[in-house]
Amino acid sequence: MKIFFVRFFIALLAAHIAAESLLAKSNLLDERGWLAFGEMRGYFEPCGCDPKADLGGIQRIATFVSRERAINSGFFLFNLGNNLPVELERDRYKIPFISEGLTRLAITASLVNELELSNISLLKTNDMSGQNFVLSNMKTIPKGSPIQAMIKFGGIEVYGYMFRKKFSSSLNSNQKQLLKTWKKYSINSKSQQRVLLFSGSAKELKFFIRSKFFNLIVSSNTNALEHVVGPEEKNNPGKLNIANSSVRMVPIGGQGFLRGGKLTRTRSKSLKELLGKEKECKGIG
């Protein structure tokens, strides 16, 4: 009888280990891979003579994504928002081109960030409504708005959190309350993969990290909207900027992508090598 129970226990343990192993292997974010970008801030078209400094813009972003899909199709594509021009009235002519370009990228989910929420009426236009906008801490999503509280796509759940004091009347910053609500509507499974596209304070970010509710958190760039692209972004356009030990932050100005999962192991030419060719500048004195 003792031998029977020992064997039964061993078989049960083996089955448990096999199940845990299966769950570990079913990490879709790793298996399919992901890219994240954003914070273009109206940087519509690269200009100048230095390829090291001119790697942003919707044209370059679209070329990069197309190349990656030719190598590894089926990856998740996340947009951290803040792609509209900072000086909207001055650069309004750019909006249709940027919006159409982003829509054509077939983005998995786009965070409604500060510039998008400040110009929320633009999100309803045909050029922008197809970007899969997500913002999970809105008190009330306007009727007819393309914004979703949560996006389920290809076996993952994508949440969006953005908070600034000037939006306190329309956004909920009570993280404990939000997390309780999100858990209520999330698929209750250990294998469920959850992504948070984040734009907020360090304190808010720390709370979501400690919650261990998300498998991946990607942060928008913490530099002020008026911040000029600096040497770090120019010299390392594809560099993974680490906000802290477990969260990655997209570079400013559309200067680079974050890679994850399967795409991390992809060996291919960098954006600089692919597109950065010296330009002839004549008549400049």
Side-chain angles (χ1 to χ4, degrees), residues 36-45 56-59 61-62 65 77-153 157-175 177-178 181-182 185 195-201 204 218-227 250 252-254:
F37 73 100
E39 297 289 350
M40 192 162 53
R41 306 183 185 190
Y43 192 53
F44 172 63
E45 182 70 20
I58 188 61
Q59 181 181 356
I61 288 173
V65 172
L77 181 61
F78 305 121
N79 173 16
L80 275 293
N82 276 344
N83 294 309
L84 294 173
V86 177
E87 297 292 337
L88 194 68
E89 292 306 317
R90 184 192 68 187
D91 298 326
R92 183 171 287 273
Y93 73 95
K94 296 180 179 180
I95 296 174
F97 301 102
I98 292 174
S99 301
E100 183 181 356
L102 291 176
T103 299
R104 289 188 179 187
L105 292 181
I107 299 167
T108 303
S110 298
L111 176 66
V112 178
N113 215 323
E114 185 173 354
L115 288 174
E116 286 76 29
L117 194 58
S118 296
N119 303 280
I120 195 169
S121 61
L122 292 175
L123 305 192
K124 297 180 182 180
T125 64
N126 292 332
D127 287 339
M128 295 189 72
S129 59
Q131 293 181 41
N132 292 325
F133 291 110
V134 62
L135 190 56
S136 309
N137 61 315
M138 289 194 79
K139 292 178 180 178
T140 304
I141 295 178
K143 188 176 181 180
S145 171
I147 301 172
Q148 301 178 63
M150 185 255 283
I151 291 177
K152 292 182 180 180
F153 182 87
E157 296 175 354
V158 185
Y159 299 78
Y161 179 90
M162 188 279 287
F163 188 78
R164 302 287 186 276
K165 286 185 178 180
K166 64 180 180 180
F167 299 120
S168 58
S169 61
S170 57
L171 297 180
N172 184 357
S173 62
N174 187 327
Q175 293 99 58
Q177 185 184 80
L178 287 168
T181 301
W182 296 348
Y185 292 102
V195 178
L196 177 65
L197 306 182
F198 176 87
S199 180
S201 69
E204 292 165 325
V218 187
S219 173
S220 67
N221 202 289
T222 56
N223 285 306
L225 291 175
E226 298 78 17
H227 176 76
V250 296
I252 193 176

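This one's a predicted model, so the numbers in the text were calculated from it and none came from an experiment.
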Distance check, rounded to the nearest 0.5 Å: Met40 atom CE versus Lys94 atom NZ? 9.5 Å
For residues Glu116 and Leu123, determine if any side-chain heavy atom of one lies less than 4.5 Å from a side-chain heavy atom of the other. yes
Donor-acceptor pair, side chain of Asn137 and main chain of Leu171, under 3.5 angstrom: no
When you compare the side chain of Ile58 with that of Leu102, does any pair of heavy atoms fall below 4.5 Å? yes
Tell me yes or no: between the side chains of Asn172 and Asn174, is some donor less than 3.5 Å from an acceptor? no
List the steps, then state whether side chain to side chain contact (heavy atoms under 4.5 Å, CB included) holds for Ile120 with Phe133. CA-CA 11 Å; Ile120 195 169; Phe133 291 110; over 6 Å; no
Crowded around Arg92 CZ? As in, over 12 foreign heavy atoms under 6.0 Å? yes
Heavy-atom pair of closest approach, residues Ser118 and Lys166: OG-NZ, 4.1 Å
Are any side-chain N or O atoms of Arg164 and backbone N or O atoms of Ser199, one a donor and one an acceptor, separated by less than 3.5 Å? yes
Distance-only, no hydrogens or angles: does the Ser110 side chain make a donor-acceptor pair with backbone N or O of Gln131 under 3.5 Å? yes
Of Leu105, Leu80, Val218, which meets side-chain contact (heavy atoms from CB on, under 4.5 Å) against Phe37? Leu105
In this structure, which one of Val134, Val195, Leu111, Val250 forms a side-chain contact (heavy atoms from CB on, under 4.5 Å) with Phe78? Val195
Can you name the nearest heavy-atom pair linking Glu204 to Ser173, along with the distance? OE2-CB, 4.3 Å
Least distance between heavy atoms, Val112 atom then Leu135 atom: O-CD1, 3.8 Å
Nearest-0.5 Å distance, CG of residue Leu117 to CG of residue Leu122: 11.5 Å
In terms of the angle between their ring planes, are Tyr161 and Trp182 parallel, tilted or perpendicular, with boundaries placed at 30° and 60°? perpendicular
Quick one: does Leu84's side chain get under 4.5 Å of Ile95's, heavy atoms only? yes
Straight-line distance of Met138 CE to Met162 CE, nearest 0.5 Å: 8.5 Å
Looking at Val158 and Ala109, what are the two nearest heavy atoms and their distance? CG1-CB, 3.6 Å
Candidate list Glu39, Arg41, Glu114, test side chain to side chain donor-acceptor pair (under 3.5 Å), partner Asn82, passing option: Glu39
Show me the side-chain donor-acceptor pairs of residues 139-147 shorter than 3.5 Å, one per line, residues at least two apart or across chains.
{"unit_1": "Lys139", "atom_1": "NZ", "unit_2": "Ser168", "atom_2": "O", "d": "3.0"}
{"unit_1": "Ser145", "atom_1": "OG", "unit_2": "Ile147", "atom_2": "N", "d": "3.2"}

